[in-house]
Amino acid sequence: MGIRMAEGTTGRTWRERGGFAVAVLVVLGVPLALVGGVASCVASDMGHLPGDAMERVWDTPYDKEAAAYGNAAWAVGDTVVRSRFDAVTAFGARTGERRWEYAVPGRTEICATSAATDSVALVGLMEPQDGKGCATVAAIDLRNGRELWRTGRLAGAGDPKDGDDVIATGAGLAVVRDEDEQWNDAPDRRTRPLLPGDQAVRAFDLRTGAPRWKAAVPRACLPEGLAVSSKQVLVLLACATEAKLAAFDPADGKERWTVPLGARRPVDPDSFMSFLSAEPIVLDVQEPSQHGVDAHFSFGEDGRRQAEFVLGAGETAVAEGKVFEASGGGVTAYDVETGRKVWGTGGGSAWTETTALHVGGGRVTVFTHSRKGPEKFYVHDAATGETVDERTFDPDTAPGAAETNTLFRHGDLWIVARWGDGGEQPFSAYRTW
């Protein structure tokens with residue numbers, strides 16, 4: 001019996017000890033869990049929590065003060081390239097090391113830039129002392145910084161910082177829009193311009209500069225903007241009584257179609273007009289009158305008018321059959337052909353601004369800055385708007401408010417391009433961790 005009592009006593013003692021141990025763990029574990037949870041939340045909010053953060057990988061050195069024109073950025077292979085008024089500079093996309101620089105000669109300044117096609121971009125050059133706009137066009141090989149060719153153009157009397165619509169690339173072509181000094185005078189549109197219409201739009205071989213063709217724009221119309229898709233050259237026209245859009249064959253420059261921009265009423269020929277996208281065709285149109293149109297228009301490849309988008313002042317991109325607008329941290333997607341809203345993420349805030357937008361690979365990526373919180377990184381499914389990733393930037397290495405002009409993706413890196421009238425770091429690279 002003593003042995004049985006001893007066994008029984010020993011069994012109760014271990015159960016009591018086990019219960020005590022559990023109680024101790026509960027008493028200590030709950031506060032520790034709370035502390036750990038709070039610490040995780042703080043680390044997440046500060047961009048210090050692995051799996052929920054962004055880290056800065058590299059920066060390029062600060063630029064000196066820049067001008068308000070000649071600014072652009074391109075990504076070509078494993079190189080990112082920055083243009084400013086006095087030079088074009090390339091850096092390695094993986095490391096940020098400087099690779100080459102194209103410095104403009106003498107007192108010449110870059111006054112216009114084009115998109116890059118087949119590793120070639122165009123820059124417009126001007127001599128500031130002559131008081132005219134971009135009178136020279138140069139083609140730059142973005143792989144090595146070598147100037148491939150240059151040609152002259154007739155420059156108007158407009159402000160040089162408004163000159164990005166005078167050159168364009170695409171379909172193996174460099175397209176140049178010549179100007180007449182009197183075209184900025186509205187009554188001149190209703191008379192015969194000094195520069196004939198068949199000399200206003202010229203195309204060259206993109207890599208050699210060999211002349212290809214001259215396009216004859218419709219009578220009583222003046223070319224106001226250029227864009228090139230893979231299938232046609234597009235020209236915005238300011239005609240005698242309304243604004244129009246024309247398309248030309250990239251092989252020979254023959255006119256394919258010309259359509260008015262307006263649907264029920266003509267669009268003022270003095271409107272601000274620019275291409276948001278050439279493929280699909282999406283325009284930004286702002287009439288000068290108080291009650292005039294201020295919207296994006298989309299057109300089919302055949303010139304058929306499709307939809308009108310009335311958007312806010314957020315970042316905008318066209319891709320994958322949609323127009324994306326990011327504002328206040330939220331993103332909205334519209335169908336290009338119908339103008340119908342496809343999805344919206346919500347989440348917009350008056351305290352938050354979108355500083356960068358990138359669309360590609362079925363994803364919509366947004367950088368945001370908030371006056372009342374950390375900078376954030378969001379990735380949405382381009383088809384549905386579903387949030388597939390969300391990260392927080394470390395405040396000490398975040399991109400910064402209103403600094404981002406262009407966002408590139410290179411492998412696992414997100415590369416921010418910046419420019420402004422103060423000293424900026426041209427590029428910074430980030431990745432998730």
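In what follows, every heavy atom counts, from backbone to side chain, and hydrogens, waters and symmetry copies are set aside.
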For residues Phe204 and Trp149, establish whether the separation of their ring centroids is below 6.0 Å.
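Aromatic pair counts; centres sit under 6.0 Å.
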
Flag the pair Phe393 / Phe367 as yes when their ring centroid distance falls below 6.0 Å, and as no otherwise.
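Yes; Phe367 has its ring centre under 6.0 Å from that of Phe393.
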
Quick one: does [X]'s side chain get under 4.5 Å of [Y]'s, heavy atoms only?
X: Phe275; Y: Leu283; answer: yes
X: Tyr69; Y: Glu109; answer: yes
X: Leu234; Y: Ile281; answer: yes
X: Val282; Y: Phe299; answer: no

Could you give the distance from [atom1] ([X]) to [atom2] ([Y]), rounded to the nearest 0.5 Å?
X: Arg153; Y: Ile167; atom1: CZ; atom2: CD1; value: 8.0 Å
X: Asp59; Y: Gln425; atom1: CG; atom2: CD; value: 4.0 Å
X: Leu261; Y: Leu245; atom1: CG; atom2: CG; value: 6.5 Å
X: Arg56; Y: Leu413; atom1: CZ; atom2: CG; value: 13.0 Å

Keeping the roles fixed (side chain from [X], backbone from [Y]), state whether a donor-acceptor pair exists under 3.5 Å.
X: Trp74; Y: Ser114; answer: yes
X: Arg391; Y: Trp433; answer: yes
X: Trp419; Y: Pro426; answer: no
X: Trp213; Y: Pro250; answer: yes
X: Glu279; Y: Ser230; answer: yes
X: Gln232; Y: Glu301; answer: yes
X: Arg409; Y: Gly411; answer: yes

Name the one of Asp141, Val81, Thr89 that satisfies side-chain contact (heavy atoms from CB on, under 4.5 Å) with Trp100?
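The passing option is Val81.
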
With Arg82, the side-chain contact (heavy atoms from CB on, under 4.5 Å) member among Asp63, Val88, Thr406, Thr60:
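Passing option: Asp63.
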
Can [X] and [Y] be counted as having a side-chain donor-acceptor contact under 3.5 angstrom?
X: His380; Y: Thr387; answer: yes
X: Tyr102; Y: Glu147; answer: yes
X: Ser370; Y: Glu375; answer: no
X: Thr79; Y: Arg143; answer: no
X: Asp268; Y: Ser271; answer: no

Tell me, with the steps shown, if Phe297 and Val267 meet side-chain contact (heavy atoms from CB on, under 4.5 Å).
CA-CA 12 Å; Phe297 296 158; Val267 171; 4.2 Å; yes

Start with the C-alpha distance between Lys376 and Thr392, add both sets of side-chain angles, then the distance that settles side chain to side chain donor-acceptor pair (under 3.5 Å), and finish with yes or no.
CA-CA 5 Å; Lys376 303 284 286 187; Thr392 302; 2.9 Å; yes

Checking Glu315 against Ser327 for the side chain to side chain donor-acceptor pair (under 3.5 Å) test, could you report, in this order, the C-alpha distance in whole Å, the side-chain angles of both residues, the deciding distance, and whether it holds?
CA-CA 7 Å; Glu315 298 290 324; Ser327 179; over 6 Å; no

Lys/Arg cation over aromatic Phe427: Arg418, 6.0 Å, 45° cone
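Arg418 over Phe427 ring: no.
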
Test side-chain contact (heavy atoms from CB on, under 4.5 Å) on His296 and Thr316; report intermediate values, then the result.
CA-CA 10 Å; His296 296 324; Thr316 310; 4.2 Å; yes

Could you walk me through whether Thr117 and Leu206 satisfy the side-chain contact (heavy atoms from CB on, under 4.5 Å) test, starting with their C-alpha distance in whole Å, then the side-chain angles of each, then the deciding distance to 0.1 Å, before giving a yes or no?
CA-CA 9 Å; Thr117 302; Leu206 181 60; 4.0 Å; yes

Set out, in order, the CA-CA distance, both residues' side-chain angles and the distance that settles side-chain contact (heavy atoms from CB on, under 4.5 Å) for Thr151 and Thr136, then state yes or no.
CA-CA 6 Å; Thr151 189; Thr136 302; over 6 Å; no

